[in-house]
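Accompanying notes for the structure given below.
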Amino acid sequence: MFNLEKTMTEQQTRQLSPVTLAFVGDAVYSLYIRGQLAAVCDRKPSELQKLASAQVSAHGQSELLKELEARFTEDEREIFLRGRNAKKATKSKNAEVAEYNRSTGFEAVLGYLWLSGQIQRICQLLGE
């Protein structure tokens, strides 16, 4: 069983495929956005879902990356490039290929940071 309090070493995390890191990062970013919306919006869940979807989408993440990419460390940049360039089993239904690839890279960075226990770095990147 996975323990949320136990982290992986950076070496263990780097050995995961970038698509696996993106899988985790997608959940991390979705939870972050949902938490932010819950804290500032008193709306129906269906309305919150629409607001979250706009930000969590490949397009929304690609837009956010325009600001964040310059702030990546060398390691984060490497993980981003691995995720962006990784061969993916699926295609995006609602995004351009370039947006989808960039969002996969972004999610890989978040997955890497989460699994290696660098939660404060996630907060720094996302603006807390």
Side-chain angles (χ1 to χ4, degrees):
M1 176 173 259
F2 184 77
N3 181 343
L4 284 173
E5 294 178 347
K6 185 178 179 189
T7 61
M8 299 171 76
T9 67
E10 286 189 44
Q11 182 180 9
Q12 290 171 319
T13 307
R14 284 180 170 281
Q15 291 175 348
L16 296 173
S17 82
V19 177
T20 299
L21 292 174
F23 170 75
V24 173
D26 177 62
V28 170
Y29 190 58
S30 182
L31 182 60
Y32 173 83
I33 293 299
R34 288 170 182 240
Q36 289 291 96
L37 289 172
V40 298
C41 295
D42 185 22
R43 299 197 180 169
K44 295 177 185 177
S46 61
E47 293 174 21
L48 292 172
Q49 178 60 33
K50 286 182 184 179
L51 292 169
S53 293
Q55 293 180 59
V56 175
S57 70
H59 177 73
Q61 290 178 20
S62 187
E63 288 297 310
L64 177 63
L65 264 169
K66 291 177 183 176
E67 300 171 26
L68 293 185
E69 200 172 348
R71 295 175 29 208
F72 284 168
T73 65
E74 191 174 314
D75 287 343
E76 292 163 355
R77 178 92 178 128
E78 180 204 334
I79 298 293
F80 169 75
L81 292 174
R82 282 180 54 210
R84 185 194 70 186
N85 298 333
K87 182 163 176 59
K88 294 137 188 102
T90 60
K91 303 283 184 218
S92 174
K93 299 173 198 148
N94 302 310
E96 300 289 327
V97 173
E99 287 179 333
Y100 184 64
N101 289 342
R102 288 174 50 77
S103 70
T104 302
F106 171 64
E107 291 170 347
V109 171
L110 293 181
Y112 165 76
L113 293 172
W114 174 266
L115 290 172
S116 61
Q118 299 179 59
I119 309 307
Q120 285 189 336
R121 179 61 181 151
I122 294 172
C123 294
Q124 286 175 343
L125 284 173
L126 298 179
E128 297 242 340

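Remark: Phe72 CZ is packed, more than 12 non-hydrogen atoms of other residues, nucleotides or ligands lying under 6.0 Å away.
Side-chain atoms of Glu107 and Phe23, non-hydrogen and from C-beta on, never get closer than 4.5 Å to each other. Proximity of Arg82 to Glu78: side-chain heavy atoms (C-beta onward) are separated by under 4.5 Å at one or more points. Looking at heavy atoms from C-beta onward, Leu68 lies out of side-chain contact with Val109 at the 4.5 angstrom threshold. Between Thr9 and Gln12 the shortest side-chain heavy-atom distance falls below 4.5 Å. Put simply, the side chain of Arg43 does not reach to within 4.5 Å of the side chain of Leu37, judged on heavy atoms. By the 4.5 Å heavy-atom criterion applied to side chains, Asp26 and Thr104 are not counted as neighbours. Counting heavy atoms from C-beta on, the side chains of Arg121 and Thr73 come closer than 4.5 Å. Between Ile79 and Arg14, the closest side-chain pair of non-hydrogen atoms falls below 4.5 Å.
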* To do: Decide side-chain hydrogen bond (donor to acceptor under 3.5 Å, both in side chains) for Gln49 and Ser53; before the verdict, give the C-alpha distance in whole Å, the side-chain angles of both, and the deciding distance to 0.1 Å.
  => CA-CA 6 Å; Gln49 178 60 33; Ser53 293; 3.0 Å; yes
* To do: Please lay out, stage by stage, how Leu113 and Val28 fare under the test side chain to side chain contact (heavy atoms under 4.5 Å, CB included).
  => CA-CA 10 Å; Leu113 293 172; Val28 170; over 6 Å; no
* Could you walk me through whether Glu47 and Lys44 pass side chain to side chain contact (heavy atoms under 4.5 Å, CB included), step by step? => CA-CA 5 Å; Glu47 293 174 21; Lys44 295 177 185 177; 4.0 Å; yes
* To do: Apply the test side-chain hydrogen bond (donor to acceptor under 3.5 Å, both in side chains) to residues Ser116 and Gln118: give CA-CA distance (whole Å), side-chain angles for both, the deciding distance (0.1 Å), then the verdict.
  => CA-CA 6 Å; Ser116 61; Gln118 299 179 59; 2.9 Å; yes
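Under a hydrophobic-cluster definition in which Ile, Leu, Val, Met, Phe, Trp and Tyr are linked whenever side-chain heavy atoms come within less than 4.5 Å, directly or via other members, Leu126 and Leu31 are assigned to different clusters.
Ionic pairing of Glu76 and Arg71 is not present here: no N-O contact between side-chain nitrogen and carboxylate oxygen is shorter than 4.0 angstrom. For Lys66 and Glu69, the salt-bridge test fails: no basic side-chain N is under 4.0 Å from an acidic carboxylate O.
Separating the OG atom in Ser57 from the CD atom in Glu99 is a distance of 7.5 Å, to the nearest 0.5 Å. Taking NZ of Lys87 as the start and OG of Ser17 as the end, the distance is 13.5 Å to the nearest 0.5 Å. Rounding to the nearest 0.5 Å places OG1 of Thr13 at 4.5 Å from CE of Met8.
The two residues Pro18 and Ala108 have their closest heavy-atom pair at O-CB, 3.7 Å. Smallest separation of non-hydrogen atoms from Leu110 and Ile122: O-CD1, 4.0 Å. Nearest heavy atoms, Cys41 versus Leu51: SG-CD1, 4.3 Å.
Side chain of Asn85 to backbone of Leu81: a donor-acceptor contact under 3.5 angstrom is found. Judged by distance alone, the side chain of Thr20 and the main-chain N or O of Leu16 form no donor-acceptor pair under 3.5 Å. At distances below 3.5 Å, not a single donor-acceptor pair connects side-chain atoms of Tyr112 with backbone N or O atoms of Glu10. Formation of a donor-acceptor pair under 3.5 Å by the Gln61 side chain with backbone atoms of Ala58 is not found in this model.
Below 30°, between 30° and 60°, or above 60°: for Phe106 and Tyr29 the angle between ring planes is above 60°, a perpendicular geometry.
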